[in-house]
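Heads up, the thing below is written out as structure tokens.
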Amino acid sequence: LRPVRLTAAESAHTVAAAGEVERKVDAAMGAALCRLLADGTAFTEISVDQIVREAGIARSTFYVYFEDKAQLLRSLSEIAIAEILAAVTSWTSAPATLKRESLQCRVGEVVRAYVRHGTVMAAVMEISSYDRPAAMQFTHFLADAIAALEAHIRSGQAAGVLSPQIDAHRMAEWLVGMTERGLSRLPRVVTTATPEAIVTSLTAIIWNVLYRGHR
Amino acid sequence: MASHTRRSSDVRARRRIEVRDRLAAIVEELLDDGATLTDINVDVLATRAGIARSTFYRYFTDLTEFYQAAHDHIIGDLESVVERCFATDPALMTFEMLHTAILDLLTGSGPHAALLAMLYDVAASNSELAEEILIPIARNRAHLEQHIVTGQSTGVVDPDLDPRLTAAWLIAAIEVGGHRITRHASPLELRMQATACTQLFWSTLYEHAPLQRESPH
């Protein structure tokens, strides 16, 4: 595992650079797929025909840009993952002395980034059972988030701010796993939860587990 | 006549369980051998099990129903661990008790980690199975939620926690732990993961409550 030390500015630059390279047609196809997913259609049931019809381009044009619809999805999830990781690192690159209000803001950024890309992330999970590149992309995403949080915990422990009894790597695995699974499940498990309540409840757990004991 | 009917339906139910367990073991073997979701179908399972396709369909209407049955079986065992653990009076809960229950959960799902992971994959594109998987998760969440409410009323659980959402987050952690974090873990690693997970639950719920108890360490 390599620790990710991407700053928010760097990540934003990566996204912007990708945006410059992307052509209009490319963006139109991505937007079309997003709209179809947002309508609630499962990714497996969406055809290339539907995508090109929605985007208003020729079928042959699609194949100039992408081998198949899975590749189009991966290009979208690459951007989604970059944005979510940028939000994660904006939290984990902060000093471990951060106040609870500040943690709440940063956790809020992570939650909002995930929710904004919720349909794309759900589709990646859906295809990762048979699409190896998507599975790798998702695995690396989790590993990057875990490494960033682990580094944050370790530096806090080194500075004497966080409890030395926290198992930095394993606790990072549990917190990242809980957050990812919870964000994909919560809207369906607790249908009445407001976005604020979701952010506050997640912040409370992270605060109690990492920061609260030592101050 | 009535007793005869009952007997034959008992036999059918028993036989269905046998077929379910045999096929679940075959799916686990196939996954161990590197098979993916798309490699698995009724033909493959029936051939490996040495049964006719028609036998499969005597007990299950389709693959989804078989997956549901396999999931119910694995989760049923785990659910009773969650239920028993959180039925404990929160004031009497100890780090050790929680650790034992979590280790049981992780050890119990460990042997089925590959099958569980595959079932969650199937559920991602199969709304029928997805609904089915959410049922025991919602029940587990309710057990933990009640535990939090009780503990808050007696001052042994952090009063700032939202009982329902906190329970949902922590059950999500257990769920992901059961098939991702502990997959391929050695017994020692499993124990250390259980300790980290117990710490997650302990610090969240009890450590910062108004009424303090002995330190977990």
Side-chain angles (χ1 to χ4, degrees), chain A residues 40 42-45 100 122-132 135 138-139 142 146 163 165-194 197-213, chain B residues 36-39 117-127 130-131 133-134 137-138 140-141 145 158 160-182 189 192-209 215-217:
Chain A
F43 181 74
T44 32
E45 280 153 32
R100 181 162 177 164
V124 171
M125 296 254 290
E126 183 187 330
I127 67 165
S128 56
S129 53
Y130 55 87
D131 185 274
R132 205 167 156 68
F138 194 73
T139 303
L142 291 176
I146 290 166
S163 165
Q165 277 164 345
I166 298 169
D167 180 338
H169 177 68
R170 295 187 183 87
M171 190 58 88
E173 278 191 283
W174 284 102
L175 287 174
V176 168
M178 177 185 83
T179 304
E180 179 270 318
R181 182 54 50 105
L183 285 174
S184 63
R185 280 250 189 278
L186 250 135
R188 300 177 59 207
V189 177
V190 186
T191 45
T192 51
T194 63
I198 288 178
V199 172
T200 303
S201 57
L202 179 58
T203 305
I205 293 176
I206 296 171
W207 180 255
N208 279 4
V209 171
L210 297 183
Y211 305 99
R212 189 170 173 181
Chain B
T36 65
L37 183 52
T38 40
D39 303 325
M118 192 205 74
L119 292 173
Y120 288 116
D121 285 342
V122 178
S125 58
N126 180 329
S127 57
E131 291 306 316
I133 282 177
L134 288 180
I137 290 174
N140 282 339
R141 195 219 67 227
E145 183 182 339
D158 182 354
D160 292 339
L161 301 173
D162 176 319
R164 175 160 299 186
L165 288 171
T166 305
W169 285 113
L170 293 176
I171 293 299
I174 285 288
E175 189 200 325
V176 82
H179 69 96
R180 191 161 71 213
I181 295 180
T182 58
E189 175 60 20
M192 295 178 78
Q193 287 292 5
T195 303
C197 182
T198 308
Q199 193 72 62
L200 167 68
F201 274 65
W202 190 267
S203 298
T204 299
L205 300 175
Y206 315 110
E207 195 178 330
H208 308 289
S215 160
H217 298 288

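- In this structure the side chain of Phe201(B) never reaches within 4.5 angstrom of the side chain of Val209(A), judged on heavy atoms.
- Contact count versus chain A (heavy atoms, under 4.5 Å) is highest, among Leu37(B), Val122(B), Thr38(B), Val176(B), for Val176(B).
- Heavy atoms of Leu202(A) lying under 4.5 Å from chain B belong to its backbone as well as its side chain.
- Closest approach of Met178(A) to Ala173(B), counting heavy atoms only: CB-CB, 3.7 Å.
- A donor-acceptor distance shorter than 3.5 angstrom exists from the side chain of Trp174(A) to the backbone of Gln193(B), with no hydrogens or angles considered.
- For Asn208(A) against Ser203(B), the heavy-atom pair with the smallest separation is CB-O, 3.4 Å.
- Most heavy-atom pairs under 4.5 Å with chain B: of the set Ile206(A), Leu142(A), Ile166(A), Thr192(A), this distinction falls to Leu142(A).
- Within the model, atoms CZ of Arg185(A) and CG of Leu134(B) stand 5.0 Å from one another, a figure rounded to the nearest 0.5 Å.
- Here Ala117(B) pairs with His179(B), Arg183(B) under the side chain to side chain contact (heavy atoms under 4.5 Å, CB included) rule; sequence neighbours left out.
- With a 4.5 Å cut-off on non-hydrogen atoms, Asn126(B) does not touch chain A at all.
- A pairwise comparison of heavy atoms in Arg180(B) and Phe138(A) identifies NH1-CE2, 4.0 Å as the closest pair.
- For Leu200(B), the parts sitting under 4.5 Å from any heavy atom of chain A are the backbone and the side chain alike.
- Annotation: side chain to side chain contact (heavy atoms under 4.5 Å, CB included) contacts of Asp39(B) (sequence neighbours excluded): Ala35(B), Thr36(B).
- Proximity to chain A is limited to the side chain of Tyr120(B), based on heavy atoms less than 4.5 angstrom apart.
- Looking at Met118(B), there are no atoms closer than 4.5 Å to chain A (heavy atoms on both sides), in backbone or side chain.
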